[in-house]
Amino acid sequence: MIKAQRGTKDIFGEESFLWQHILSNAQTVFQNAGFGEIKTPIFEATELFARGVGDSTDIVNKEMYTFSIGGADKSASSITLRPENTAGVVRAYIEHNISRQSPPQKFWYFGPMFRYERPQAGRQRQFNQVGVEMFGVEKASADAEVILSAVEFLKSLGLDNLSVELNSLGCKKCKNDYRENIKKVLAPYIADMCDDCKMRYEKNPLRILDCKNEDCQKILEKDEIKEIILKDYICEDCKTHFDELIEYLDELNIKYSINKLLVRGLDYYNRTVFEIKSEKLGSQSAVCGGGRYDGLVEMLGGPSTPAIGFAMGVERLCALIDNLEAPKLDYFIVSNNTKEAIKLASKLRNENKKVEFDYQSRKFAKQLEKASKSAKYAIILGEDEIEKGFYSVKNLENGEQKTISNFDDLI
RNA sequence: GCGCCUGUCGUCAAGUGGUCAAGACCUCGGAUUGUGGUUCCGAUAUGCAUGGGUUCGAAUCCCAUCAGGCGCCCCA
């Protein structure tokens, strides 16, 4: 038996209604907020992710689906199934000179991403993200708009009690100062840290801040280290930017908490970073992650452009929402004349009614049983009805049956 | 990639070395040849994730593989 690949999943039945619901809410909420949809290819040049996502990240180092593709002459090019969508959107932004349009340029997307990880609840190898990217505005109003969109979208799905966590990583300059300060103050304790943190110290020292290892936690509790962490290390401009964002959020009544230990893993983030979490998801608790990436467009060869966005895990959203029941049919046609039944079904479907009928001309009791499970009304189309030209319409909720002589009265 | 746990019908499960692998729901058929949602009756795993091994005998013990879950890691 051939089975679905590890970490992949078939979606059908009630779950697919939930997906349609999520997709249509995304469409409504984001498009109302002026985001246009963008669909970028599922695979891109490997180099795009290596440069865009960053080679200090696990995503690039060990989780990419990378293929060598090309002719027998080995003039192969390396392509990768996208592990996230920001790099692809930025590539498209540059390639189509979208920066020449008047800012802001705002996009939303929905689609599959691929990461080779150990599957777990809330974590698959092919998973879907829905997200937005907003280019061209450096002011905190853009940060507020993006966070607002995330919150509004979640609210539209009935998820209004999730916690928003915020932090500012600072800009290029103060981010580095902070990084150096952290390294300096942690240096005496390297030997006591867990193996992961020893690695992090070299590659991405800020990540040590959210290590869950007890020994590392103890080190972070030390006064001189705590002082560095809790101090407002970011520069004046970054601080002003962050304070402005907070004013917006207060004005919008969006609840948030500031988490100085929130450090996101992708290399491109600067200034504002945020996550939206749920306790109901176990260890994969982040439903939404995002932040500002003011340097990325330029780094990938475009003009210097401020930008901010977020991505949400669709499977994680699904886990938080109850499955939707299949919508009921308007009519189920009960008939032993399958030709008349399919003709009537076709006519009603053209009037935008949901209609089914029995394909096997089974006895009426069976057909009605099926009708009662799936439809609001049964149209009984037996020999009498066909001969005399009327419809017997039965309300399947209360059992009342009426005779209708005009097709138009069915609509 | 690491550690721990799990894997019996479409679903939920009983069974933990020795009769034909309980039961419930779903599905299908019948009681009821044109009237459902109640009730009653019947059908449906030579099979216990897959492949090996131990044994007179394995769903039950052992090994491997695959898949899922939890935690780590990472992230959405």
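Proteins come first, then strands; the chains are lettered A, B, ... in the order of their sequence lines, and each starts at number 1. The figures that follow rest on heavy atoms only: side chains count, while hydrogens, waters and symmetry mates do not.
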Between protein and nucleic acid, restricted to nucleotides 36-43 of chain B and to nitrogen or oxygen atoms under 3.5 Å apart, what atom pairs and distances do you find?
{"residue": "rG36(B)", "atom": "N7", "partner": "K394(A)", "partner atom": "NZ", "Å": "3.3"}
{"residue": "rG36(B)", "atom": "O6", "partner": "G399(A)", "partner atom": "N", "Å": "3.4"}
{"residue": "rG36(B)", "atom": "N1", "partner": "L396(A)", "partner atom": "O", "Å": "2.6"}
{"residue": "rG36(B)", "atom": "N2", "partner": "L396(A)", "partner atom": "O", "Å": "2.7"}
{"residue": "rG37(B)", "atom": "N2", "partner": "L396(A)", "partner atom": "O", "Å": "3.2"}
{"residue": "rG37(B)", "atom": "N2", "partner": "E397(A)", "partner atom": "O", "Å": "3.3"}

Considering only the [atom1] atoms, how many Å lie between [N] and [M], rounded to the nearest integer?
N	M	atom1	result
rU54(B)	rC63(B)	C1'	11 Å
rU55(B)	rG1(B)	C1'	38 Å
rC28(B)	rU46(B)	C1'	22 Å
rC5(B)	rU44(B)	P	38 Å
rU50(B)	rA59(B)	P	11 Å
rA49(B)	rA58(B)	P	15 Å
rU19(B)	rC66(B)	C1'	33 Å
rG34(B)	rU39(B)	P	24 Å

Just the rounded figure in Å: distance from [atom2] of [N] to [atom1] of [X].
X	N	atom1	atom2	value
D195(A)	rG1(B)	CG	C1'	14 Å
Y391(A)	rU35(B)	OH	C1'	19 Å
L266(A)	rC75(B)	CG	C1'	8 Å
L262(A)	rC74(B)	CG	C1'	15 Å
I59(A)	rG1(B)	CD1	P	18 Å
K402(A)	rU35(B)	NZ	C1'	17 Å

Those residues that, when tested against F49(A), pass ring pair (Phe, Tyr, Trp, His ring centres under 6.0 Å) (two or more places apart):
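If we apply the ring pair (Phe, Tyr, Trp, His ring centres under 6.0 Å) test to F49(A), skipping adjacent residues, there are no hits.
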Would you please name every residue forming a ring pair (Phe, Tyr, Trp, His ring centres under 6.0 Å) with F310(A), sequence neighbours left out?
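Here no residue qualifies.
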More 5' along RNA chain B: A311(A) or E383(A), using each one's nearest nucleotide?
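With A311(A) and E383(A) compared, the 5'-side residue is E383(A).
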Remember a base hit wins even if backbone is also touched, and classify [X] as base, sugar-phosphate or nothing at under 4.0 Å, heavy atoms.
X	answer
D384(A)	base
G289(A)	sugar-phosphate
L317(A)	nothing
Q360(A)	nothing

Which of these nucleotides, rG29(B), rG34(B), rC74(B), is closest to any side-chain atom of R362(A)?
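Per side-chain heavy atoms of R362(A), the pick is rG29(B).
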Nucleotide paired to [N] in any strand shown, Watson-Crick or G-U, under 3.5 Å:
N	result
rC4(B)	rG69(B)
rU39(B)	rA31(B)
rC74(B)	none
rU46(B)	none
rU54(B)	none

Protein heavy-atom contacts under 4.0 Å, written 5' to 3' over nucleotides 65-73 of chain B as B (base), S (sugar-phosphate only) or - (none), form the string --SSBBBBB
With no hydrogens and no angle check, do the side chains of N85(A) and T40(A) hold a donor and an acceptor under 3.5 Å apart?
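There is such a pair (donor and acceptor under 3.5 Å, judged by atom type) between the side chains of N85(A) and T40(A).
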Which residues pass the side-chain hydrogen bond (donor to acceptor under 3.5 Å, both in side chains) test with T28(A), sequence neighbours left out?
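Once residues adjacent in sequence are excluded, T28(A) has no partner under the side-chain hydrogen bond (donor to acceptor under 3.5 Å, both in side chains) criterion.
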side-chain hydrogen bond (donor to acceptor under 3.5 Å, both in side chains) against R51(A), all qualifying residues, sequence neighbours excluded:
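Only E47(A) meet the side-chain hydrogen bond (donor to acceptor under 3.5 Å, both in side chains) criterion with R51(A).
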Using residues 364-377 of chain A as the side-chain source, report each donor-acceptor pair under 3.5 Å to any protein atom, sequence neighbours left out, with the distance given to one decimal.
{"residue": "Q367(A)", "atom": "OE1", "partner": "S335(A)", "partner atom": "N", "Å": "2.9"}
{"residue": "Q367(A)", "atom": "NE2", "partner": "S335(A)", "partner atom": "O", "Å": "2.9"}
{"residue": "Q367(A)", "atom": "NE2", "partner": "R362(A)", "partner atom": "O", "Å": "2.7"}
{"residue": "E369(A)", "atom": "OE2", "partner": "K373(A)", "partner atom": "NZ", "Å": "3.4"}
{"residue": "S372(A)", "atom": "OG", "partner": "E369(A)", "partner atom": "O", "Å": "2.8"}
{"residue": "S374(A)", "atom": "OG", "partner": "K370(A)", "partner atom": "O", "Å": "3.0"}
{"residue": "K376(A)", "atom": "NZ", "partner": "D330(A)", "partner atom": "OD1", "Å": "3.2"}

Regarding [X] and [Y], does a basic nitrogen lie under 4.0 Å from an acidic carboxylate oxygen?
X	Y	result
R123(A)	E117(A)	yes
K218(A)	E221(A)	no
E138(A)	R271(A)	yes

From Y293(A) atom OH to T305(A) atom OG1, the distance as rounded to the nearest 0.5 Å:
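Taking OH in Y293(A) and OG1 in T305(A), the distance rounds to 10.0 Å.
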rU35(B) base to Q401(A) side chain: any donor-acceptor pair below 3.5 Å?
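Yes, a donor-acceptor pair under 3.5 Å.
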Using the glycosidic torsion, which applies to rG47(B): syn (within 90° of 0) or anti (everything else)?
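In terms of base orientation relative to the sugar, rG47(B) is syn.
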Enumerate, atom names and distances included, each donor-acceptor pair closer than 3.5 Å involving a side-chain atom of residues 350-357 of chain A, sequence neighbours excluded.
{"residue": "N350(A)", "atom": "ND2", "partner": "S346(A)", "partner atom": "O", "Å": "3.4"}
{"residue": "E356(A)", "atom": "OE1", "partner": "Y359(A)", "partner atom": "OH", "Å": "2.9"}

Enumerate the side-chain hydrogen bond (donor to acceptor under 3.5 Å, both in side chains) contacts for residues 382-394 of chain A, please, sequence neighbours excluded, ordered by first and then second residue.
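Only E385(A)-S392(A) qualify under side-chain hydrogen bond (donor to acceptor under 3.5 Å, both in side chains).
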Please list each protein N or O that sits under 3.5 Å from an N or O in nucleotides 8-11 of chain B, with the distance.
none

Verdict with supporting geometry, E133(A) and K106(A), salt bridge (Lys or Arg N to Asp or Glu O under 4.0 Å)
CA-CA 6 Å; E133(A) 312 291 354; K106(A) 299 163 76 179; over 6 Å; no
Is the ring pair F30(A)/F153(A) parallel, tilted or perpendicular, if the boundaries are 30 and 60 degrees?
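Tilted, since the angle between the ring planes falls between 30° and 60°.
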I'd like to check F332(A) versus I379(A) (side-chain heavy atoms, cut-off strictly below 4.5 Å). Are they in contact?
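Sidechains of I379(A) and F332(A): no contact.
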List the atom pairs, donor and acceptor, that lie under 3.5 Å between side-chain atoms in residues 175-194 of chain A and the rest of the protein, sequence neighbours left out.
{"residue": "K175(A)", "atom": "NZ", "partner": "Y269(A)", "partner atom": "O", "Å": "2.6"}
{"residue": "D177(A)", "atom": "OD2", "partner": "K173(A)", "partner atom": "NZ", "Å": "3.3"}
{"residue": "Y189(A)", "atom": "OH", "partner": "E224(A)", "partner atom": "OE2", "Å": "2.6"}

Contacting residues from residues 38-50 of chain A, given that a heavy atom lies under 4.0 angstrom of RNA chain B
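None - not one residue of the stretch has a heavy atom sitting under 4.0 Å from the strand.
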